[in-house]
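Just below is one structure, and these are the notes that go with it.
Please read these numbers as outputs of a predicted model, since none were measured by experiment.
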Amino acid sequence: MTPLSKTYRRAITSYLSLVEELVDEIRNILLKSGRGDGIFMQVRKVLSPEDTQEIQRLLEKIEDRLRILKKDLHLYPEVSLDASLISSRSAKVWEILCDLEVDRLKRYGPPPSDLAEYLDPKIKELISLIEEITTITQPEEDS
């Protein structure tokens with residue numbers, strides 16, 4: 001096979017890393033089903049143990065194929081810094097939380113009269129906690 005340019009390797013790696021991330025998410029859903037529901041999300045187990053095992057087997061095959069592609073195409077893993085990943089996820093959480101402030105919720109119709117008094121301070125507290133995480137993940141500037 002003809003060697004790939006850096007641009008092609010980078011593009012293919014980016015796409016395949018997204019596939020890998022989604023495969024991991026599927027695996028996590030399989031593992032979580034019926035156990036340890038989240039605060040706002042519950043996973044109801046409807047797959048039989050046999051179906052779960054078959055999906056896990058297929059996920060392993062997908063990962064095997066990804067490893068082959070990596071080797072054959074001479075792809076290198078993207079290196080992500082934990083601080084950068086946490087910072088980008090925190091930014092998304094911040095954006096979602098800002099959309100929960102009552103002034104922005106008004107697009108769904110008039111809010112109950114006491115909702116802002118109750119909800120806004122709690123949302124501001126969550127935003128503050130996310131901002132603390134963002135502060136921790138920012139690189140220190142050289143003096």
For residues 7-17, which side-chain N or O atoms pair as donor and acceptor with protein atoms under 3.5 Å away, sequence neighbours left out?
| from | atom 1 | to | atom 2 | distance (Å) |
| --- | --- | --- | --- | --- |
| Arg9 | NH1 | Leu4 | O | 3.0 |
| Thr13 | OG1 | Arg9 | O | 2.7 |
| Ser14 | OG | Arg10 | O | 3.1 |
| Ser14 | OG | Glu78 | OE2 | 2.7 |
| Ser17 | OG | Thr13 | O | 3.3 |
| Ser17 | OG | Ser14 | O | 2.8 |

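Residues in residues 63-75 take part in these side-chain hydrogen bond (donor to acceptor under 3.5 Å, both in side chains) pairs, two or more places apart or across chains: Arg27-Glu63, Asp64-Arg67. Identified under the salt bridge (Lys or Arg N to Asp or Glu O under 4.0 Å) test for residues 51-62, with sequence neighbours left out: Glu54-Arg57. Residue pairs meeting the salt bridge (Lys or Arg N to Asp or Glu O under 4.0 Å) criterion with at least one partner in residues 110-134, sequence neighbours excluded, are Glu101-Lys124.
Grouping the Ile, Leu, Val, Met, Phe, Trp and Tyr side chains by contacts below 4.5 angstrom, directly or via other members, places Trp94 with Ile133. Put simply, Ile127 and Ile96 are part of two different groups of oily side chains (I, L, V, M, F, W, Y) that touch within less than 4.5 Å, one to the next. When hydrophobic clusters are built by joining Ile, Leu, Val, Met, Phe, Trp and Tyr residues whose side-chain heavy atoms come closer than 4.5 Å, directly or via intermediates, Ile86 is grouped together with Leu97. Linking Ile, Leu, Val, Met, Phe, Trp and Tyr whenever their side-chain heavy atoms come within less than 4.5 Å puts Val102 and Tyr118 in one cluster. Hydrophobic clustering keeps Val46 apart from Leu31 (ILVMFWY residues linked when any side-chain heavy atoms are closer than 4.5 Å, directly or through intermediates).
Alongside Ile136, the hydrophobic cluster contains no other residue (criterion: ILVMFWY side chains under 4.5 Å).
Residue Pro121 comes nearest to Ala116 through the heavy atom pair CD-O, 3.5 Å, listed as atom of the first residue, atom of the second, then distance. Heavy-atom minimum distance, Thr134 versus Ser87: CG2-OG, 4.4 Å. For the pair Ser90 and Ile130, the tightest heavy-atom approach, listed with the atom from each and the gap, is O-CG2, 3.4 Å.
Atom CD1 in Ile29 sits 11.5 Å away from atom OG1 in Thr52 (nearest 0.5 Å). Interatomic distance, OG of Ser84 versus CG of Asp82, reported as 8.0 Å (0.5 Å rounding). Rounding to the nearest 0.5 angstrom, the gap separating the CG atom in Leu115 from the NZ atom in Lys106 is 10.5 Å.
With sequence neighbours excluded, the residues that form a side-chain contact (heavy atoms from CB on, under 4.5 Å) with Ile55 are Ile26, Leu30, Leu47, Leu59.
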Do Leu85 and Arg89 pass the side-chain contact (heavy atoms from CB on, under 4.5 Å) test, and can you show the C-alpha distance, the side-chain angles, and the key distance before you say yes or no? CA-CA 6 Å; Leu85 290 172; Arg89 298 322 189 267; 3.6 Å; yes

